[in-house]
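Worksheet for the structure shown next.
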Amino acid sequence: MSSEQPAPPHPKRQGNYYWRVFASGLGFATFGIAGLFAGLLGIPILRLCIRDQARQQAMVRHGVQRFFRLFIRMIKGLGVLTWSVDNPAPLTRQGTLIVANHPSLLDVVFLVSLIPNACCIVKQSLFRNPFMRGALTAAGYIGNDDPMQMLDAAARNLAQGSPVVMFPEGTRTEPDQRPQFGRGAANLSVRAQCPITPVFIRCEPTTLTRNESWYQVPYKPMHYTIIVGPACPVIDAAQGTAPVSILVRRQQARVMEFFTRMVDSGRP
C-alpha cells in the first residue's frame, strides 16, 4: 500500500479573483508609466527649475512618498489588498536605520510611503531599469554593488538626518522561511553610530515573492501587516574595548532576536 499522502486541495478562489488579476496588471502598468514619465519629463523639468541638488533630492523623495501612498490607496480601492501598521511613529524619526524583512515586491512601497525623506538601499540592477532609474538617481537612492561605497553613502545620509531603509536579506524571503540577514545593517549601525528600527512585514497569503509574476495573484485578497519593533540602541564603539567585529555581532544578535520572535509568534 502506498504511503504517499494526497496533495491538499487548492484553496478556493475568493474575492473577485479575475478582477484582482486585472487590477494587479493595472497597478503594475500605472507604476511603470509613472516611473517612465518621471524619468523622461518630470525630473528633467525639475532640474531646469531648481539648480540646488539638495532641494531637488528632497522634492523627489517627497514626490516618491506621495506617489507610493496614492498607489497603495489605489490598489486597496481596487480590492487587491488591505493593510495594517503597528506603531508607525518610530519610522518618522530622523537619522535612524530601518531594517526590514522582504517577503514581497511591494515591501519598499509600503515602507517609503510611511517614511518622510527616506533614502533606500536598492539592487544595483534597478538603476538600469528605464522605468525606475531616473527617479532612483534623482532621489539619491543607494545601489548595493559596492559594499564599502554603500556603507559610506548610507552613513552620510544618516548624518544628515535622513532615515535609511535597508533589506539585509538582499532578496525576497522565501515563503515560510526565517529571514537570513547579512551583517551589513549591523555594521552600518556600529560604524555610523545610529540606532536600528526593526520592521517585520508579513503578507498573507504570500504573493509577489521572488519566483512569482504579477499575474499570479493569491486565492483571496492579501493583507499586509507591518510591525515596527523597539529600537536597537547604538552600541558605542568609542567607549568599548571589544573589536568592532564583536560589536557588529552583538548588534546583529539584537536585530535577529526581534525577527525570530515575530516569526515564532505567528502574529498575523
Side-chain angles (χ1 to χ4, degrees), residues 7-42 63-86 88 91 100-115 118 120-123 125-136 139 141 165 167 169-177 179 199-227 267-268:
H10 192 280
K12 185 177 180 180
R13 292 169 174 172
Q14 305 172 20
N16 299 319
Y17 174 81
Y18 292 105
W19 165 255
R20 286 187 289 109
V21 173
F22 169 77
S24 297
L26 179 62
F28 273 87
T30 300
F31 200 96
I33 292 170
L36 190 62
F37 176 82
L40 293 179
L41 188 60
V64 170
Q65 183 190 19
R66 292 291 299 274
F67 172 69
F68 282 2
R69 282 184 183 177
L70 290 172
F71 177 79
I72 291 170
R73 290 172 182 169
M74 181 190 80
I75 57 178
K76 179 187 178 184
L78 291 172
V80 175
L81 56 75
T82 57
W83 80 90
S84 61
V85 184
D86 284 5
L91 298 178
N101 63 316
H102 196 8
S104 172
L105 187 63
L106 293 177
D107 303 330
V108 66
V109 178
F110 273 95
L111 281 184
V112 172
S113 74
L114 297 168
I115 304 169
C120 295
I121 297 175
V122 300
K123 285 186 176 182
S125 60
L126 293 179
F127 286 92
R128 298 190 292 272
N129 185 320
F131 295 97
M132 303 182 70
R133 64 188 176 198
L136 294 178
Y141 287 0
V165 178
F167 297 94
E169 292 170 280
T171 188
R172 278 168 273 173
T173 314
E174 292 292 342
D176 302 319
Q177 299 296 315
V199 178
F200 182 73
I201 302 172
R202 191 190 303 275
C203 178
E204 293 183 329
T206 60
T207 188
L208 297 175
T209 61
R210 184 167 55 180
N211 299 314
E212 287 184 314
S213 300
W214 65 265
Y215 52 83
Q216 294 175 289
V217 304
Y219 65 95
K220 67 178 181 179
M222 52 189 165
H223 181 77
Y224 270 82
T225 304
I226 301 172
I227 303 170
R267 287 187 59 181

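From a predicted model like this one, the values you see are computed outputs, not experimental measurements.
- The shortest distance between side-chain heavy atoms of Thr225 and Phe200 does not fall below 4.5 Å.
- Residue Asn16 qualifies as open at atom CG: its count of foreign heavy atoms under 6.0 Å is 12 or below.
- In this structure, the side chain of Ser104 engages the main chain of Thr207 through a donor-acceptor pair within 3.5 Å.
- Note: Phe71 and Phe31 have perpendicular aromatic rings, judged against thresholds of 30 and 60 degrees for the angle between ring planes.
- Between Leu78 and Phe22, every side-chain heavy-atom pair lies at or beyond the 4.5 Å cut-off.
- By the 4.5 Å heavy-atom criterion applied to side chains, Phe28 and Leu208 are counted as neighbours.
- By the 4.5 Å heavy-atom criterion applied to side chains, Tyr141 and Val64 are counted as neighbours.
- Closest of all the heavy-atom pairs between Ile201 and Ala100 is CD1-CB, 4.2 Å.
- Nearest heavy-atom pair, Tyr219 versus Pro205, reported as atom, atom and distance to 0.1 Å: CE2-CG, 3.8 Å.
- At distances below 3.5 Å, not a single donor-acceptor pair connects side-chain atoms of Arg20 with backbone N or O atoms of Leu81.
- The side-chain heavy atoms of Leu105 and Trp214, taken from C-beta on, include no pair separated by under 4.5 Å.
- Residue Pro130 comes nearest to Leu36 through the heavy atom pair O-CD1, 3.7 Å, listed as atom of the first residue, atom of the second, then distance.
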